[in-house]
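Inspection log for the structure reproduced underneath, given as structure tokens.
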Amino acid sequence: MEEIKILEATLRETVESCLADNRYVQIRNLLQDMNHVDIEALLAELAPDKTLRIFRMLPKEIAAEVFAEMDSDMQQYIIESITDSEVVRIMDEMYMDDTVDFIEEMPANVVKRVLRNTDEATRKTINQLLRYPEDSAGSLMTTEYVDLKKAMTAGEALEHIRKTGVDKETINNCYVVSVRQELEGVVSIRTLILSAPDTKVADLMDTQVKCICTLDDQERSVYLFRKYDLLSMPVVDQENRLVGIITIDDVMDVMEQENTEDFHKMAAITPSEAPYLKTGVFTLAKNRVMWLMVLMISATFTGFIIRHFEGALGKMVVLTTYIPMLMGTAGNAGAQSSTMIIRSLALNELEFSDLLKVIWKEFRVGATTAALLTIVNFARIILFDQVTLWVAVTVCLSLFCIVCLAKVVGGMLPILAERIHLDPVLMASPIITTILDALSLLIYFELATSILGIA
């Protein structure tokens, strides 16, 4: 990793030196053999004006790919800095899904300029894709795919691919459609190449096509790609007409986006689309303060419980020393279970009908772990704490009950949340910790008053 950073720093210094001396040919020769992702990473380290100068040197095919990789701020800067003819050059080379993603991030004045410099057919396609709901398969797809007819031979299909495939995002899989554009099958380029030229596409195609509807959630596409090991997948409308495809690179972006959102929600933070360093302090505070306020207010219930048992605590103050341990163990045990269940729900390994199975399994897991924790804790209290036997019994019995309850609650709440159409991730720590804090205190004090006879 350190060697890569050194090479990147050396390359950046070389490029900046060439810029200072106006050695543009050397820069062009240096960049033309680089991957477009690496070029974008290099440009991201330069000042905007230098990035623009180098961007204008790139061949149009590479420029479009680099542009698609840039963040929205740099894309806006470039569009506002270049001529209309250069805008046309970029838009003509970009794939439709990248174009739509770019337009969705831009302010109205930039969008108007871009659309003004595209042809009518492209504008119509862009507007059509923009009408699909956010986070739907329709908003994710591209309309640039290869379609074939059943009556074609393998030789005719290959000739058709040669003529039309140059501007398509992928030609690995070609989709067979009817006259009404209804999806009928799929055939791989490998199959076409290896088949006799006079073999009919109808005899080569696979009719068991895995597809997704335009209005389906984009998370379903991630599930289907993972389950069937797909590289691309067709998108159909309500009448089974092929309207686009989703490719693996788009799915990888969705996976990263969804994972980031889940991490934010698990930490009780409102998800933000902008990178951390480019998100303002006020925005970060706004995304965090509401959840903190909710958790703070909900945590006051633990205060009410302690106040309710204030008399019992006053008679045996030693009980207070074990409260942090019990509450912390409860939160950790519940977080373990909720994390496992949330992940299983995300992978479609569980559904609501499995609720009782989950409760029974988590109870047994809780009982097993609680027994081990109780034995260790009892030995620690007897050996190192100067308390009576019954206090040790009270603490350890409370620990056993609390861990069992935490495991069951942690496994149950995410499934119930999904059942009422809430994101199961909301049931992760710290929310579940707050809930279990109150429940653990109730169990502890109720057992203490019963076993020790204090009230």
Distance (rounded to the nearest 0.5 Å) between [X] [atom1] and [Y] [atom2]:
{"X": "Leu230", "Y": "Ile246", "atom1": "CG", "atom2": "CD1", "value": "10.5 Å"}
{"X": "Lys163", "Y": "His160", "atom1": "NZ", "atom2": "NE2", "value": "9.5 Å"}
{"X": "Thr142", "Y": "Lys168", "atom1": "OG1", "atom2": "NZ", "value": "9.0 Å"}
{"X": "Thr369", "Y": "Asn332", "atom1": "OG1", "atom2": "CG", "value": "11.5 Å"}
{"X": "Ile189", "Y": "Asn172", "atom1": "CD1", "atom2": "CG", "value": "8.0 Å"}
{"X": "Met141", "Y": "Ile245", "atom1": "CE", "atom2": "CD1", "value": "10.5 Å"}

Min side-chain heavy-atom separation [X]-[Y] under 4.5 Å:
{"X": "Arg364", "Y": "Lys407", "result": "no"}
{"X": "Leu11", "Y": "Leu30", "result": "yes"}
{"X": "Ile27", "Y": "Met57", "result": "yes"}
{"X": "Leu224", "Y": "Lys210", "result": "no"}
{"X": "Glu258", "Y": "Gln218", "result": "yes"}
{"X": "Val186", "Y": "Pro234", "result": "no"}

Search all heavy atoms of [X] against all heavy atoms of [Y] and return the closest pair with its distance.
{"X": "Ala63", "Y": "Arg89", "value": "CB-NH2, 4.4 Å"}
{"X": "Ser178", "Y": "Glu184", "value": "CB-OE2, 3.4 Å"}
{"X": "Ile212", "Y": "Ser221", "value": "CD1-N, 3.6 Å"}
{"X": "Ser81", "Y": "Leu52", "value": "CB-CD2, 3.4 Å"}
{"X": "Gly334", "Y": "Ile432", "value": "O-CD1, 3.8 Å"}
{"X": "Gly411", "Y": "Ser337", "value": "N-CB, 3.8 Å"}

Other residues, nucleotides and ligands only: do more than 12 of their heavy atoms fall within 6.0 Å of [atom1] on [X]?
{"X": "Met252", "atom1": "CE", "result": "no"}
{"X": "Arg419", "atom1": "CZ", "result": "no"}
{"X": "Tyr77", "atom1": "OH", "result": "yes"}
{"X": "Glu349", "atom1": "CD", "result": "yes"}
{"X": "Arg53", "atom1": "CZ", "result": "yes"}
{"X": "Met96", "atom1": "CE", "result": "yes"}

Using salt bridge (charged side-chain N to carboxylate O under 4.0 Å, His left out) as the criterion, list what pairs up with Asp237, not counting sequence neighbours.
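Salt bridge (charged side-chain N to carboxylate O under 4.0 Å, His left out) check on Asp237 returns Arg241.
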Side-chain donor/acceptor of [X] to backbone N/O of [Y], under 3.5 Å:
{"X": "Thr125", "Y": "Ala121", "result": "yes"}
{"X": "Asp21", "Y": "Arg23", "result": "no"}
{"X": "Ser17", "Y": "Glu13", "result": "no"}
{"X": "Thr329", "Y": "Leu326", "result": "no"}
{"X": "Ser188", "Y": "Thr191", "result": "yes"}
{"X": "Ser195", "Y": "Leu192", "result": "no"}

Could you verify whether a donor N or O on one side chain and an acceptor N or O on the other, from [X] and [Y], lie under 3.5 Å apart?
{"X": "Ser232", "Y": "Tyr175", "result": "yes"}
{"X": "Asp250", "Y": "Thr247", "result": "yes"}
{"X": "Tyr24", "Y": "Asn22", "result": "yes"}

Could you tell me how the ring of Trp360 sits relative to the ring of Phe363: parallel (under 30°), tilted (30 to 60°) or perpendicular (over 60°)?
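Plane angle under 30°, so parallel.
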For the pair Phe55 and Phe67, name the ring-plane relationship: parallel under 30°, tilted 30 to 60°, perpendicular over 60°.
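Taking Phe67 first and then Phe55, their aromatic rings sit tilted (interplane angle of 30° to 60°).
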Name every donor-acceptor pair, under 3.5 Å, that has one atom in a side chain of residues 34-43 and the other anywhere in the protein, sequence neighbours excluded.
unit_1: Asn35; atom_1: OD1; unit_2: Val37; atom_2: N; d: 2.8

Show me the side-chain donor-acceptor pairs of residues 148-155 shorter than 3.5 Å, one per line, residues at least two apart or across chains.
unit_1: Thr153; atom_1: OG1; unit_2: Glu156; atom_2: N; d: 3.2
unit_1: Thr153; atom_1: OG1; unit_2: Pro197; atom_2: O; d: 3.3

Ring pair (Phe, Tyr, Trp, His ring centres under 6.0 Å) pairs, two or more places apart, involving residues 205-234:
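Qualifying pairs: none.
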Strictly by salt bridge (charged side-chain N to carboxylate O under 4.0 Å, His left out), give each pair with a member in residues 65-85 just once, sequence neighbours left out.
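Residue pairs with at least one partner in residues 65-85: Asp71-Lys278, Asp84-Arg113.
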Show, in sequence, the C-alpha distance, side-chain angles and deciding distance for Leu355 and Leu416, and conclude whether the side-chain contact (heavy atoms from CB on, under 4.5 Å) test is met.
CA-CA 8 Å; Leu355 179 60; Leu416 294 177; 3.9 Å; yes
Report the C-alpha distance between Leu31 and Leu58 in whole Å, list the side-chain angles of each, state the deciding distance to 0.1 Å, and finish with yes or no for side-chain contact (heavy atoms from CB on, under 4.5 Å).
CA-CA 8 Å; Leu31 299 182; Leu58 299 173; 3.9 Å; yes
In chain order, what residues pass the side chain to side chain donor-acceptor pair (under 3.5 Å) check against Glu61, with sequence neighbours excluded?
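Expected list: none.
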So does Glu120 pair up with Arg123, basic N to acidic O under 4.0 Å?
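Arg123 and Glu120: not salt-bridged.
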Assess the residue pair Val87 and Arg116 against the criterion (side-chain contact (heavy atoms from CB on, under 4.5 Å)); give the C-alpha distance rounded to whole Å, side-chain angles, the decisive distance to 0.1 Å, and a yes or no.
CA-CA 10 Å; Val87 172; Arg116 187 172 66 245; over 6 Å; no
Any chance you could lay out the side-chain contact (heavy atoms from CB on, under 4.5 Å) test for Ile103 and Ile126, step after step, and finish with the verdict?
CA-CA 9 Å; Ile103 287 177; Ile126 291 173; 3.7 Å; yes
